[in-house]
Student: 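My structure is below; once you've seen it, I'll send some questions.
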Amino acid sequence: MQDPTGLAVRTFVPDRPSGAPPVLLVHSFGSDGESDWVATGVAGALKAAGRTVVVPDLPGHGASPAPRTAAEAGAPEIAKSLVAALDAALGDAGAAGGEFDVVGYSLGARIAWELPAAAPGRVRRTVLGGLNPGEPFVALDIEALHRAVADGAEPGDPLTAMIAGMVRSQGERAAGLATCVEGLRATPFAGGEWSGTVPPLFVVGADDVMTKGIERIVEVVDGARLETVPGGHFEVLGGGLFQRTVLTALEQ
C-alpha cells in the first residue's frame, strides 16, 4: 500500500497480538523493506512474537517515489515522513499516535536516530544496526555524482565513483537516489545527545569496516549498549544472531 506521504508500506499484523507497541523497520541505502526485513525473516519473526510490524520503503527506494528536491530527502524530513507512514498504516487498528519501537540498519539506523525528535515521547526501544559513526556522503562531489547519473561521466574521486556505481546499478531509480544522497549530505550525522527516553542498542558486524569507530558514538549516549554479531556490513541482516538480538532487545 501507499500512505498519504507517498511511501510504499508493508504492514504485518500478528494472529495473536502481544500487546507490545508496533515495530517500525527502516532499511539501508539502495535497498528496500522487502530485501532487508521480509526476505531476511526479521519481519516474520517479530510478527510471530505478536508484534505489528510496519516496513516502509524510503524515498527513492523500492516502490516509493523519488523525492522531488534534495530538501525533501534530508534525514529529519525523511524521519517525519516515516512517522506519517507509520500512523497511516496503523490507523485502522487505532494505534496511530502511540508508542512504537524502531529497528534501523545502516542508512535506516541513521534515519532512526532522528525519530525521537520527529515523534516526541513516542519512540520506546531502538535498535541501531550497522550505523556508520560519520557521514560518508559529506565527502562526495555531489555535482560529479549527478553528472555520472545523467550522462555516465565517471567521477574522478574514488568515493564518489563508488557511490555513483551503486546508484547507477538501480537503473531508472538512479536519479532519485542521487537526490537522496544530496539531501542526506546536507544533513550529516554527527551523533551527540540521544533525544529518546530509552537509550538505544547499537549492533555491528564483527567484520564490518563501515562501523569502525562506533564506540565514540555509543560512549556519548548515557546507558547505550553495543553488541557485536558475526558478519560484514552486507551479511549481518541475514544472520540468526542479529534477529535474536533484535527480538531480545525489544522484549525488555
Student: If we only count heavy atoms from C-beta on, is the V127 to L250 side-chain gap below 4.5 Å?
Tutor: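 Yes, at least one pair of side-chain atoms sits under 4.5 Å.
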Student: If you take all heavy atoms of H27 and L58, which pair is closest and at what distance?
Tutor: NE2-N, 2.9 Å
Student: Does the side chain of T52 reach to within under 4.5 Å of the side chain of V23, using non-hydrogen atoms?
Tutor: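 They are not in contact (no side-chain heavy atoms under 4.5 Å apart), so the answer is no.
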Student: Can you hop from L7 to V53 via hydrophobic side chains spaced under 4.5 Å?
Tutor: no
Student: Do any N or O atoms from the side chain of D57 and from the backbone of G33 form a donor-acceptor pair under 3.5 angstrom?
Tutor: yes
Student: Taking S64 for its side chain and G60 for its backbone only, find out whether a donor-acceptor pair lies under 3.5 Å.
Tutor: no
Student: So, E77 side chain and A73 main chain: donor-acceptor pair closer than 3.5 Å or not?
Tutor: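 No, because the side chain of E77 does not come within donor-acceptor range (under 3.5 Å) of the backbone of A73.
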Student: Between L159 and L140, is there a side-chain heavy-atom distance shorter than 4.5 Å?
Tutor: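 Yes, close enough: below the 4.5 Å cut-off.
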Student: Check whether any side-chain heavy atom of D141 lies under 4.5 Å from a side-chain heavy atom of P155, and answer yes or no.
Tutor: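 No, side chains not in contact.
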Student: Sub-3.5 Å donor-acceptor pair from the side chain of S18 to the main-chain atoms of G50, do we have one?
Tutor: yes
Student: Here's a test for you: under side-chain contact (heavy atoms from CB on, under 4.5 Å), which of L201, V103, D101 qualifies with R125?
Tutor: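 Only one option passes, and that is D101.
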Student: Let me see the working for R168 and E154 under salt bridge (charged side-chain N to carboxylate O under 4.0 Å, His left out), right down to the final yes or no.
Tutor: CA-CA 11 Å; R168 288 185 300 200; E154 194 66 23; 3.0 Å; yes
Student: Drop me the distance from F29's CZ to D36's CG, to the nearest 0.5 angstrom.
Tutor: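 Answer for the CZ-CG pair, F29 versus D36, is 12.5 Å.
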Student: When rounded to the nearest 0.5 angstrom, what is the spacing between CG in L237 and OG in S31?
Tutor: 8.0 Å
Student: Same cluster or not: V167 versus L107, using hydrophobic residues (I, L, V, M, F, W, Y) connected whenever any side-chain heavy atoms lie under 4.5 Å apart?
Tutor: yes
Student: One pair to check against salt bridge (charged side-chain N to carboxylate O under 4.0 Å, His left out): E135 and R185. What are the steps and the verdict?
Tutor: CA-CA 7 Å; E135 179 52 75; R185 179 177 179 271; over 6 Å; no
Student: In terms of hydrophobic clusters joined by side-chain contacts under 4.5 Å, are V38 and V246 together?
Tutor: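 Yes, V38 connects to V246 through the hydrophobic network.
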Student: Could you go through D87 and R122, starting from their C-alpha distance and side-chain angles, then the distance that decides it, and tell me whether this counts as side chain to side chain contact (heavy atoms under 4.5 Å, CB included)?
Tutor: CA-CA 12 Å; D87 283 342; R122 294 182 56 191; 2.7 Å; yes
Student: Using side-chain heavy atoms (C-beta onward) and a distance below 4.5 Å, is M166 in contact with I163?
Tutor: yes
Student: Distance from F100 atom CZ to L82 atom CG, nearest 0.5 Å?
Tutor: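 Reported to 0.5 Å precision, the distance equals 8.5 Å.
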Student: For residues A139 and D157, report the shortest heavy-atom separation together with the two atoms involved.
Tutor: O-OD2, 4.2 Å
Student: Could you go step by step and tell me if V123 and T197 meet the side chain to side chain contact (heavy atoms under 4.5 Å, CB included) rule?
Tutor: CA-CA 8 Å; V123 177; T197 56; over 6 Å; no
Student: Spell out, as yes or no, whether a donor-acceptor pair under 3.5 Å connects the side chain of E235 to the backbone of G232.
Tutor: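 Pair found, side chain donor or acceptor close to backbone of G232.
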Student: What closest approach, in Å, do W194 and A112 show between heavy atoms, and which atom pair accounts for it?
Tutor: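 Taking W194 first and A112 second, the nearest heavy atoms are CH2-O, 4.3 Å.
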Student: Hey, any chance L184 and M210 share a hydrophobic cluster, counting ILVMFWY side chains that come within less than 4.5 Å of each other, even indirectly?
Tutor: no
Student: Hey, are H233 and S106 close enough side-chain-wise for a donor-acceptor pair under 3.5 Å?
Tutor: yes
Student: Are T40 and S35 packed together at the side-chain level, in the sense that at least one heavy-atom pair is separated by less than 4.5 angstrom?
Tutor: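 Answer no - side chains too far apart.
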Student: Are side-chain heavy atoms of I142 and V181 found at a separation under 4.5 Å?
Tutor: yes
Student: Does P22 reach the side chain of L90, with side-chain heavy atoms less than 4.5 Å apart?
Tutor: yes
Student: Is there a path of hydrophobic side-chain contacts, each under 4.5 Å between heavy atoms, that joins V26 and L86?
Tutor: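 Yes, it is one cluster - the side chains of V26 and L86 are joined through contacts under 4.5 Å.
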Student: For F189 and L131, run side chain to side chain contact (heavy atoms under 4.5 Å, CB included): C-alpha distance rounded to whole Å, both residues' side-chain angles, the deciding distance at 0.1 Å, then the answer.
Tutor: CA-CA 10 Å; F189 175 68; L131 180 63; 3.8 Å; yes
Student: Restricting to non-hydrogen atoms, name the atom on V9 and the atom on A85 that form the minimum distance, rounded to 0.1 Å.
Tutor: CG2-CB, 4.0 Å
Student: Quick one about H146 and E182 (side-chain donor to acceptor, distance below 3.5 Å, no hydrogens or angles considered), yes or no?
Tutor: yes
Student: Please report the shortest heavy-atom distance between A89 and T11, naming the atom on each side.
Tutor: CB-OG1, 3.5 Å
Student: More than 12 non-hydrogen atoms from neighbouring residues, nucleotides or ligands closer than 6.0 Å to CG on D151, yes or no?
Tutor: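 Yes, enclosed.
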Student: Should the ring pair W113 and F202 be called parallel, tilted or perpendicular, given that the plane angle runs from 0 to 90° and is split at 30 and 60?
Tutor: tilted
Student: Which value, rounded to the nearest 0.5 Å, describes the distance between I78 atom CD1 and T187 atom OG1?
Tutor: 7.5 Å
Student: Using only atom types and a distance under 3.5 Å, with no angle test, would you say the side chain of T160 pairs donor to acceptor with the backbone of G156?
Tutor: no
Student: Please test D32 against W37 for side chain to side chain contact (heavy atoms under 4.5 Å, CB included), starting from the C-alpha separation and ending with a verdict.
Tutor: CA-CA 8 Å; D32 54 47; W37 304 118; over 6 Å; no
Student: OG1 of T211 to CG of L128: how many Å apart, nearest 0.5 Å?
Tutor: 12.5 Å
Student: Could you pull out the closest heavy-atom pair between V198 and R124, with the gap in Å?
Tutor: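 Result for this residue pair: CB-O, 3.4 Å.
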Student: With rounding to the nearest 0.5 Å, note down the distance linking CZ in R51 to CZ in F12.
Tutor: 15.0 Å
Student: List the steps and the verdict of salt bridge (charged side-chain N to carboxylate O under 4.0 Å, His left out) for K47 and D15.
Tutor: CA-CA 8 Å; K47 177 185 174 183; D15 296 327; 5.3 Å; no
